[in-house]
Every structure is written in C-alpha cells, then in structure tokens.
Amino acid sequence: MNKYIKNLLLTFLVLIFFIEKNVGMEPPTINATDMREPVYPVYFADFFAEEGQNLIHFQWRVDGSSPAKAVITDSKGNVWGEVPFPNDRFMIERREHFPDQVLITVVDEKNRYSESVEVDLNQDVRSLWVNPEHIEPITVSKQNEEFASFCLAKSGQKFIVNGVNYCVIKTLDHDTFEPEINERPAIYDPYDAESMLRCMKRNGYNTVRVFIKTGYRGTVTLGLSGPSDTQGIYAPYMDNFLDFLSRAAKYGIYVFPCLCENEMLSNDYFKERSGNANRQGILFSQKGIEAKQEYLSLFLQAIKKRNPKLLDSLLGIAMQNEFVFHCSEAPFNQLDGKYVFLDGSEYNMSDDISRRALANAAIQYYYRAMKQTLQTNAPGLLLAEGTFALGAVGKTEENSKGIRPIEGNLDMRYPMTAVELMKTDIDFLDLHIYRWGFPGSGEEVFRHFTENMKLTTQEGRQLRTKKPIIMGEFGSFKENEKTTDEAILFTKSLKNAALKDGFAGTCFWTIDCFEQKDIWNLMWENGKLLKALQSF
C-alpha cells in the first residue's frame with residue numbers, strides 16, 4: 001500500500017470518528033427509502049436542577065425509525081455522554097465549565113441521526129410558578145353576557161379554557177397515571193408530566209384534560225380499580241394523579257379529569273357494591289348509582305386528604321368521556337312490553353316517544369345523584385359531561401329518537417342532544433367536534449354539528465345563557481388534512497368558530513401522544529401546531 005492510499009485511509013477513519021463524536025452537527029443526506037422511516041428528534045426536553053442533582057429529561061418519538069441512542073453535546077460539539085434507548089434521562093455532574101445549553105441528537109439503528117434539540121441549562125423555571133394557595137376555583141359567570149361562561153370565583157375575572165388533552169397511550173389505552181404493578185414498570189413519569197406542564201405554561205395554555213381509568217377500557221393496565229382485592233380505589237394510582245394535580249397547580253394550570261366511559265371500578269369490592277352494574281347499566285341500577293357515588297366520593301376525599309386547596313385547581317369533573325346510550329344493551333334492547341324505571345315510572349318499549357322519555361328520565365336521575373355527591377364532598381365544584389355529536393355516528397334527533405337499530409347504520413351508539421344533556425343537573429357541557437367526514441372549513445364543520453346537536457334552536461340558545469359549553473376535544477386527522485399547515489388551517493378555523501359562537505373554551509386532542517399515528521398532535525414539527533393555536 002503506497003503512502004498516498006495510507007494517508008487517504010487515515011483521513012477517512014478520522015472523519016468517521018469525528019462524525020460519531022459530533023453527531024447532529026451536520027445531518028447526512030437521507031434518501032427516499034430513509035424518509036419512510038424518518039429519524040425524529042426527542043421532544044419535551046427539559047432540565048431539572050433540584051435536590052442537588054442536574055437532570056436532563058426528554059421523551060422519545062415512537063412513530064419513526066428505531067432509535068438506538070441519544071447523544072448529548074454542548075454548543076461547541078463536545079460530547080458529554082450518550083443515553084441508550086429507551087432511557088430518557090441524563091445526569092450532568094457539576095464541572096468547572098458548566099455549559100449554558102446542551103444539544104440532544106437521536107441516532108437510530110442505521111446510524112442516521114435527527115435534528116438536534118436545544119436544552120437551556122440556565123432557565124429560571126420559578127418564573128413559571130404560581131402560589132397554589134392563590135389559585136381561585138372556577139365557577140359559572142354571573143355577568144350579563146349572551147351565553148354563560150366561566151370566571152374565577154373570588155375575583156370575578158373571566159376565564160376562557162385554552163387547553164390540551166394529555167393522554168398517555170403506552171398500551172393503546174388511557175394509561176396516564178398507571179403505577180408500577182406486577183413487576184411492570186410504572187407508566188406515569190413525573191418528569192414527563194412536569195415537562196409537558198412547563199411547555200403548556202410557556203405557550204399560554206391554562207387547562208389540561210386527563211382520563212381517570214377504571215380498568216374496563218383495556219386488559220393490560222388496571223387503573224384506579226387496582227388488583228381484584230383492592231378495597232375502594234387503588235392508592236398507588238390515585239397517588240400518581242395527585243402528584244400530577246400538585247404539579248399542575250404549581251404552574252397555575254387547571255386540571256379537568258373525566259371518568260373514562262362510565263365504567264364501574266372492576267375490583268371485587270365495587271363489583272359487589274354495584275351488583276355488577278357497569279357502563280349504561282349503572283343508570284338503570286340503584287346499586288350501580290350508589291356505587292358510582294361512592295367511587296366519586298372516594299376520589300374527592302383522596303384529593304382533600306392530600307390538600308383541600310387542590311380541589312380549587314380542578315375545572316370540574318366529567319362523569320364520562322363521551323356519553324352515549326347503546327341500543328344493543330338493556331333496557332333499549334327490549335323492543336316491546338313495559339319497563340319500570342327506578343322511580344317507579346313505566347315506559348312502553350314499543351313506542352319511540354316513550355323510549356326517549358325513559359332515556360331522559362335516566363339522565364335526569366343519574367346526574368341529580370352525581371351532583372348531590374359532588375356538593376357533599378366538594379361544594380362549588382362543577383359537574384360536567386362529555387359527548388360527541390349525533391352526526392359523528394350517522395345520527396340525527398329524528399332518526400334516533402327511539403334509540404333502536406337503524407337500517408344501514410351498524411353503530412350501536414346513540415348520543416343525547418346537547419339540549420337534553422343541558423336540561424340535567426350538569427353545570428357545563430363538554431362537546432367534542434371533529435370533521436367526521438363533513439367537508440368544508442372548520443367553521444362550516446362547527447356550524448353543522450352544533451345544529452345537529454340542537455344548540456342553534458331557541459331552546460338550545462336559552463339553555464346556553466345558564467350553562468357554558470366547551471369544545472373539550474377537537475383536532476385533525478391526517479387522512480383529511482395531509483400536512484401540518486393544512487391541520488393548522490382547519491383546527492384554527494374550528495377553534496375560532498367555537499370561541500366566536502360563545503363557547504367557554506377548547507382543549508386540543510392531543511398535546512403529544514405520537515402512538516396515535518393517524519392524527520396530528522400539537523408537538524409535530526417541534527411544536528408547530530402548539531404555537532399556531534396558542535392564542536385565542
């Protein structure tokens with residue numbers, strides 16, 4: 001081998017070594033095949049200087065190529081360390097030349113790397129904090145406005161919900177607060193939560209909607225039910241929710257928990273307590289309603305035991321994510337004869353008007369009981385309910401009046417109209433609106449589904465003068481909006497239409513949740529949607 005070849009080979013080896021040590025400084029060219037599996041950067045990268053430790057924490061994307069490691073460098077390209085996937089934290093020891101910032105770069109299994117993400121090590125997060133003792137509870141505004149809104153209970157200042165949905169779906173279920181159980185690592189991570197809350201605060205969001213899982217939504221995680229021998233509610237799960245609630249209060253962010261799909265807690269205690277009533281069956285069982293009241297009481301009492309002031313940082317509590325009746329379940333699978341409700345009233349199950357009257361009697365009875373429980377345990381806390389539009393499942397008030405199967409429509413779910421729900425004892429309604437196949441702008445979609453839910457009727461408008469409505473879920477699916485710019489255009493139009501119409505606020509679905517690959521979230525393209533939708 002001649003001298004020229006030796007020198008060329010040595011230069012090549014040095015170049016390879018330099019690239020490996022300074023990964024992220026000059027991204028390589030990615031061919032068309034690579035683009036099908038892009039190397040995504042980390043997100044929610046943040047710095048925690050507390051209790052004598054200096055911790056860099058971040059979250060991995062799960063929807064791109066298979067990451068191998070994250071490389072930590074300073075702004076001069078000096079490598080400080082590497083974090084193998086799936087670890088998500090890096091400890092920095094105090095050094096003589098502590099850097100002002102570091103860069104985090106993902107390297108995948110093919111040795112390709114992502115854009116670098118900066119982390120400021122000199123940030124003063126105390127500027128984001130509020131005194132939780134000064135957080136005012138939310139109430140319905142008494143001001144003379146066209147439609148009801150929210151305000152802070154003491155100062156009377158108007159409060160507009162500018163929120164996000166935070167829903168960890170590690171097992172394709174709502175696992176946000178799942179603790180360690182049966183040797184399975186905890187899914188809830190306090191640093192994940194606090195990084196997300198800081199991101200919300202920095203970008204002007206004030207409310208986070210979360211799910212309290214009971215155990216029936218999936219078989220992998222147990223939620224608040226815990227193991228079968230749990231007496232009442234599962235303390236480790238509740239402790240994680242309380243940790244999240246405390247962290248949110250530190251940043252002045254209100255939390256809006258919903259109790260999933262009205263499932264009963266699935267441990268043996270609540271199965272016996274409820275007589276095995278679950279979901280829709282709870283509304284038609286006195287034991288089921290009383291068990292749900294006990295479940296709600298234990299949930300609120302646990303918050304009060306930790307810190308009664310934390311109740312003030314709740315926007316309200318929704319009894320269900322999206323309330324519906326199922327025509328395939330009792331009592332609506334009964335197509336003739338009489339049905340006797342809990343209060344002794346009788347209904348003719350062969351008559352659509354009578355069947356609808358039964359549905360309304362059930363929700364009136366149910367929410368009255370839930371409201372009593374709320375006022376007993378947390379006076380002033382608002383009772384809410386979530387629902388989607390009838391049109392989302394091909395329904396109208398006319399074709400679904402009897403809550404019976406519709407020829408050509410295989411969806412067994414039947415939402416009630418917004419008017420019917422608002423005539424109960426709930427304090428506000430949480431209406432979810434997506435495109436659901438309807439063409440046009442966000443404003444046109446909003447107008448279509450609010451009409452579908454009878455909100456534009458005279459009765460609907462009258463009810464809205466007393467009870468606020470929020471759009472607690474809205475978003476954009478990639479099959480409809482192909483790019484983030486298209487998603488921004490649609491969702492901004494939808495959000496603005498809701499606020500212009502007098503809705504008391506919105507919560508975007510979701511802030512992250514990259515497990516849901518078919519829907520845009522706020523953290524796409526380094527938070528492009530997050531920034532575009534932050535103002536109202």
Side-chain angles (χ1 to χ4, degrees), residues 140 146-149 161 209 258 261-262 280 316 318-327 352-353 355-357 359-360 362-364 366-367 383-403 406 409 411-475 490-491 493-507 509:
V140 175
E146 182 179 5
F147 295 130
S149 59
V161 174
R209 181 174 178 265
C258 70
E261 304 303 346
N262 199 33
Q280 179 169 309
M319 293 298 99
Q320 191 164 335
N321 169 36
E322 292 172 331
F323 181 88
V324 293
F325 283 118
H326 294 256
C327 69
D352 282 354
I353 295 177
R355 291 168 67 89
R356 194 71 178 194
N360 276 288
I363 61 175
Q364 291 281 346
Y366 172 70
Y367 292 117
L383 176 66
E385 191 57 293
T387 189
F388 51 75
L390 285 84
V393 287
K395 307 296 194 306
T396 65
E397 182 186 33
E398 291 71 27
N399 70 13
S400 61
K401 187 177 293 294
I403 312 180
I406 299 173
N409 188 320
D411 200 307
M412 301 291 103
R413 295 172 296 171
Y414 288 74
M416 302 295 280
T417 68
V419 167
E420 290 169 308
L421 288 169
M422 293 174 72
K423 289 169 73 173
T424 70
D425 281 353
I426 65 171
D427 295 300
F428 70 93
L429 182 66
D430 168 16
L431 178 59
H432 304 166
I433 300 179
Y434 298 87
R435 184 180 289 283
W436 289 314
F438 189 82
S441 66
E443 182 177 3
E444 291 168 324
V445 168
F446 176 82
R447 188 183 311 120
H448 172 76
F449 288 113
T450 51
E451 289 177 358
N452 174 249
M453 288 294 278
K454 301 300 178 181
L455 282 172
T456 57
T457 63
Q458 182 176 356
E459 185 177 23
R461 296 181 67 84
Q462 179 61 35
L463 287 166
R464 290 186 60 189
T465 65
K466 300 177 181 178
K467 297 186 178 183
I469 305 178
I470 67 169
M471 189 165 63
E473 282 189 27
F474 75 107
F490 172 72
T491 53
S493 174
L494 182 53
K495 178 176 181 176
N496 289 339
L499 296 175
K500 183 178 179 181
D501 189 63
F503 272 44
T506 66
C507 293
W509 184 273

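Between I433 atom CD1 and F388 atom CZ the span is 13.0 Å, to the nearest 0.5 Å. To the nearest 0.5 Å, atom CZ of residue F323 and atom CD of residue E261 are 11.0 Å apart. Atom-to-atom distance recorded for L421:CG and D430:CG is 11.0 Å, nearest 0.5 angstrom. One finds the CZ atom of F474 at 9.0 Å from the OH atom of Y434 (value rounded to the nearest 0.5 Å).
Put simply, the side chain of N409 gets close to the backbone of V393: a donor and an acceptor are under 3.5 Å apart. Although no hydrogens or angles enter the test, the distance criterion places no donor-acceptor pair under 3.5 Å between the side chain of R464 and the main chain of L455. Judged by distance alone, the side chain of Q280 and the main-chain N or O of H326 form a donor-acceptor pair under 3.5 Å. Distance alone, capped at 3.5 Å, is enough to place a donor-acceptor pair between the D427 side chain and the L383 backbone. Remark: side-chain polar atoms of K395 are paired, donor with acceptor, to backbone N or O of R413 under 3.5 angstrom. No donor-acceptor pair closer than 3.5 Å links the side chain of R435 to the backbone N or O of G442. Of the possible donor and acceptor atoms, one in the side chain of Q364 sits under 3.5 Å from a partner among the backbone N and O of K423. With hydrogens and angles disregarded, no donor-acceptor distance shorter than 3.5 Å links the side chain of K401 to the backbone of R356. Judged purely by atom type and a 3.5 angstrom limit, E451 has no side-chain atom pairing as donor or acceptor with the backbone of H448.
In this structure, Y414 has no ring-ring contact (aromatic ring centres under 6.0 Å, His included) partners at least two apart in sequence or on a different chain.
Using a 4.5 Å heavy-atom threshold, the side chains of E385 and T424 count as separate.
Across all their heavy atoms, L390 and T396 have their closest contact at CD2-C, 3.4 Å. Taking both residues in full, the closest heavy atoms of V445 and F438 are given as CG2-O, 3.8 Å, listed atom of the first, atom of the second, then distance. Taking each heavy atom of A148 and V140 in turn, the nearest pair found is CB-CG1, 4.3 Å.
Exactly one residue among M453, Q320, H432, E420 makes a side chain to side chain contact (heavy atoms under 4.5 Å, CB included) with T387. That residue is M453.
Aromatic pair F449/W436: centroids less than 6.0 angstrom apart. In summary, the aromatic rings of F446 and F503 are positioned with their centroids under 6.0 Å apart.
A salt bridge links E443 with R447: the closest approach of a Lys/Arg side-chain nitrogen to an acidic carboxylate oxygen falls below 4.0 angstrom.
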